[in-house]
Q: 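Please read through the structure below; I'll follow up with questions.
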Protein chains: 2
Amino acid sequence: MIFEGGFEPRREPAEHASANAMAIMKDEPRSGCPIAATLDIVGDRWTLVILRDLFIGKKRYSDFLASPERITTNILASRLDRIARAGLASRKAYQTRSRRYEYELTDKGRDLLPILQAMSRWGNKHYPETFTPPASFMKARR
Amino acid sequence: MIFEGGFEPRREPAEHASANAMAIMKDEPRSGCPIAATLDIVGDRWTLVILRDLFIGKKRYSDFLASPERITTNILASRLDRIARAGLASRKAYQTRSRRYEYELTDKGRDLLPILQAMSRWGNKHYPETFTPPASFMKARR
DNA sequence: CGCTGTAACTTGCGCATTGCAAGTAACAAG
DNA sequence: CTTGTTACTTGCAATGCGCAAGTTACAGCG
């Protein structure tokens with residue numbers, strides 16, 4: 001019992017329109033908690049994996065597709081769209097009259113690095129069979 | 001382009017049985033990446049919210065139910081079961097011949113704190129309308 | 001001991017999402 | 001102009017989510 005009290009705002013019972021309808025990528029947060037707000041953006045199995053790939057330098061759709069987790073094409077397309085719309089990465093056309101884009105982290109996206117680093121530490125500690133990320137990744141600040 | 005190379009293990013194409021069938025709470029990880037392994041455990045919108053509540057001292061089903069996000073009962077029951085089975089919290093009966101339990105963080109669960117802290121920082125920075133957690137939470141080490 | 005309230009779920013259903021596999025569209029290269 | 005490549009979209013079956021109602025087991029009270 002470490003952090004009793006002081007963590008959640010007072011919220012009148014009458015106010016709790018269903019938070020669940022306020023889902024990922026919806027405008028209205030399900031609470032005023034920064035953790036919940038973050039999870040509304042990145043709380044699924046794939047978004048932070050794609051962000052990881054952006055951190056290690058991947059840019060194109062086929063780069064993400066080739067990652068060892070083998071994401072499927074419809075989920076990748078859907079997630080890249082959400083990531084761009086959430087401002088975590090920008091889309092840059094790379095052909096002349098393009099419908100092909102490269103993705104690049106924004107400042108908002110780069111600020112997710114401590115989360116990825118913390119997950120790496122937790123994952124390595126509790127699942128020792130996972131690989132150890134490069135020291136440069138673990139030490140980076142952005 | 002920060003961490004080129006060195007992040008993912010070599011994985012032969014023939015090896016990529018669909019990682020997607022190896023979902024949350026399944027035995028087989030979808031890759032050797034510690035981030036992906038962590039997300040296989042906590043990569044949904046509710047698990048880390050419940051872990052947050054455990055950190056702030058909540059123990060019982062009705063405690064979690066009363067959180068501002070208004071999780072629904074079937075999802076809560078399902079997540080508490082997964083959290084216990086993943087070893088992130090222990091179940092303790094609190095009645096004599098019980099079918100009622102309190103939940104308490106394990107060491108494995110407590111080690112998730114840096115992830116919650118990092119999410120809090122990110123959420124506060126990019127969603128200023130979210131509340132600021134108590135300094136004790138942000139400074140705690142476990 | 002019986003009744004009632006409470007807490008902790010389970011159930012059924014409709015809707016949404018996931019993921020597989022196949023298909024489509026647009027661009028560049030030859 | 002044709003072909004290969006890349007980046008998706010589509011349809012469908014399976015699974016998960018979430019609403020609302022219902023069930024179960026325990027404690028407390030008279």
Side-chain angles (χ1 to χ4, degrees), chain A residues 16-26 28 30-31 36 39-47 49-50 53 58-85 89 91-104, chain B residues 16-26 28 30-31 36 39-47 49-50 53 58-85 89 91-104:
Chain A
H16 61 59
S18 173
N20 301 302
M22 315 163 186
I24 291 170
M25 299 301 173
K26 295 295 204 303
E28 196 171 352
R30 54 184 161 151
S31 80
L39 290 168
D40 285 344
I41 309 290
V42 301
D44 66 78
R45 290 166 65 236
W46 291 110
T47 299
V49 169
I50 295 167
D53 285 352
K58 295 186 179 186
K59 291 179 166 288
R60 293 184 184 185
Y61 189 94
S62 52
D63 295 337
F64 306 117
L65 211 53
S67 290
E69 293 84 13
R70 314 307 296 181
I71 193 169
T72 52
T73 55
N74 55 321
I75 300 297
L76 178 54
S78 165
R79 294 297 183 273
L80 284 171
D81 187 59
R82 283 185 182 181
I83 285 168
R85 286 197 289 104
R91 269 182 161 127
K92 262 182 210 152
Y94 70 88
Q95 280 183 311
T96 47
R97 242 178 19 246
S98 191
R99 106 191 241 274
R100 290 180 180 180
Y101 301 93
E102 288 183 340
Y103 296 85
E104 206 158 83
Chain B
H16 62 59
S18 173
N20 301 300
M22 314 162 184
I24 292 171
M25 299 303 174
K26 293 302 201 306
E28 199 171 349
R30 53 183 162 152
S31 81
L39 290 166
D40 284 344
I41 309 291
V42 300
D44 66 69
R45 291 167 64 235
W46 291 110
T47 300
V49 170
I50 295 166
D53 286 351
K58 295 186 180 186
K59 291 180 168 285
R60 293 186 184 184
Y61 189 95
S62 53
D63 295 336
F64 306 118
L65 210 54
S67 289
E69 294 84 13
R70 315 307 299 179
I71 193 169
T72 52
T73 55
N74 53 323
I75 300 297
L76 178 54
S78 166
R79 293 296 184 274
L80 284 171
D81 186 59
R82 283 189 184 178
I83 285 167
R85 286 199 288 106
R91 266 181 164 127
K92 261 179 206 156
Y94 70 88
Q95 281 182 310
T96 47
R97 245 181 14 249
S98 191
R99 107 188 241 271
R100 289 181 182 179
Y101 302 93
E102 288 183 339
Y103 296 85
E104 206 158 82

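Letters A, B, ... are given to chains in the order of the sequence lines, protein chains preceding strands, and every chain is numbered from 1.
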Q: Looking only at the side chain of B:Arg100 (C-beta and beyond, no hydrogens), which of the listed nucleotides C:dT6, C:dT10, D:dG18 gets closest?
A: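 Looking only at heavy atoms from C-beta outward on B:Arg100, the closest nucleotide is C:dT6.
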Q: Rounded to whole Å, how long is the line connecting atom CG of B:Leu76 with atom C1' of C:dT11?
A: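 Taking CG of B:Leu76 and C1' of C:dT11, I get 16 Å after rounding.
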Q: Measuring to OP1 and OP2 of D:dA27, would you say a side-chain N or O of B:Thr96 lies under 4.0 angstrom away?
A: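 True: B:Thr96 side-chain N/O within range (under 4.0 Å) of D:dA27 OP1/OP2.
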Q: Please confirm whether the shortest side-chain N or O distance from A:Arg45 to OP1 or OP2 of C:dG19 is below 4.0 Å.
A: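 Yes, within the criterion.
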Q: Please report the distance, rounded to the nearest Å, between CG in B:Asp44 and P in D:dT15.
A: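 In whole Å, D:dT15 P and B:Asp44 CG are 18 Å from each other.
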Q: Remember a base hit wins even if backbone is also touched, and classify A:Thr73 as base, sugar-phosphate or nothing at under 4.0 Å, heavy atoms.
A: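 The residue A:Thr73 makes base contact.
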Q: Taking only the side-chain nitrogens and oxygens of B:Arg79, find out if one of them lies under 4.0 Å from OP1 or OP2 of D:dC17.
A: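 So the side-chain polar atoms of B:Arg79 do come within 4.0 Å of the phosphate oxygens OP1 or OP2 of D:dC17, strictly under.
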Q: Identify which nucleotide among D:dC8, C:dA8, D:dG18 has an atom closest to any side-chain atom of A:Arg99, counting heavy atoms from C-beta outward.
A: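 Ranking D:dC8, C:dA8, D:dG18 by closest atom to the A:Arg99 side chain puts D:dC8 first.
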Q: In whole angstrom, give the distance that lies between atom OH of B:Tyr101 and atom C1' of D:dT24.
A: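 From B:Tyr101 OH to D:dT24 C1': 13 Å.
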Q: Quick check on the helix from C:dC1-D:dG30 to C:dG30-D:dC1: what's the angle between its two end axes, five base pairs per end, to the nearest 10°?
A: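 End-to-end axis angle: 10°.
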Q: If I take atom CG in residue A:Leu80 and atom P in nucleotide D:dA7, what distance separates them, rounded to the nearest angstrom?
A: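 Roughly 10 Å, once rounded to whole Å.
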Q: Does the distance from a Lys or Arg side-chain N to an Asp or Glu carboxylate O, for A:Arg45 and B:Asp44, drop under 4.0 Å?
A: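 Salt bridge: no.
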Q: Roughly how many Å is it from CZ in B:Arg60 to P in C:dC9, rounded to a whole number?
A: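 In whole Å, C:dC9 P lies 12 Å from B:Arg60 CZ.
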Q: Nearest of D:dG18, D:dA7, D:dC26 to any side-chain atom of B:Gln95?
A: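 My answer, after comparing the listed nucleotides, is D:dC26.
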Q: Hey, does the Lys NZ or Arg CZ of A:Arg60 hover above the aromatic six-ring of A:Tyr103, less than 6.0 Å from the centre and inside 45° of the axis?
A: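 No.
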Q: Would you kindly check whether a donor in the side chain of A:Ser78 faces an acceptor in the base of C:dT17, or vice versa, at under 3.5 angstrom?
A: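 There is none.
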Q: So which nucleotide from D:dC26, D:dT6, C:dG19 ends up closest to the side chain of A:Asn74?
A: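 The nucleotide sitting nearest to the side chain is C:dG19.
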Q: On the six-membered ring of B:Trp46, is B:Arg70 placed so that its NZ or CZ lies under 6.0 angstrom from the centre and within 45° of the ring axis?
A: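 Geometry flag: not set, cation outside 6.0 Å or 45°.
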Q: Which part of the nucleic acid does A:Tyr94 contact within heavy-atom distance under 4.0 Å: base, sugar-phosphate only, or nothing?
A: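 Touches sugar-phosphate only.
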Q: Just checking, any donor-acceptor pair under 3.5 angstrom between side chains of B:Lys92 and B:Ser98?
A: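 No donor-acceptor contact under 3.5 Å links the two side chains.
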Q: What nucleotide, of D:dA27, C:dC9, D:dC17, holds the atom closest to the side chain of B:Tyr103?
A: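 Among the listed nucleotides, the one closest to the side chain of B:Tyr103 is C:dC9.
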Q: Within this structure, what is the CZ-CZ distance for the pair B:Arg91 and B:Arg85, rounded to the nearest 0.5 Å?
A: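 B:Arg91 CZ to B:Arg85 CZ: 9.0 Å, rounded to 0.5 Å.
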Q: What nucleotide, of D:dC8, D:dC26, C:dA7, holds the atom closest to the side chain of A:Ala77?
A: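 In terms of side-chain proximity for A:Ala77, the closest of D:dC8, D:dC26, C:dA7 is D:dC8.
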Q: From OH of B:Tyr61 over to P of C:dA7, roughly how many Å is that when rounded to an integer?
A: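 So the OH-P distance, B:Tyr61 to C:dA7, works out to 13 Å.
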Q: With distance as the sole criterion, is a donor-acceptor pair present between the side chains of B:Ser78 and B:Asp81 under 3.5 Å?
A: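 Their side chains do not contain a donor-acceptor pair, so the 3.5 Å distance test is not met.
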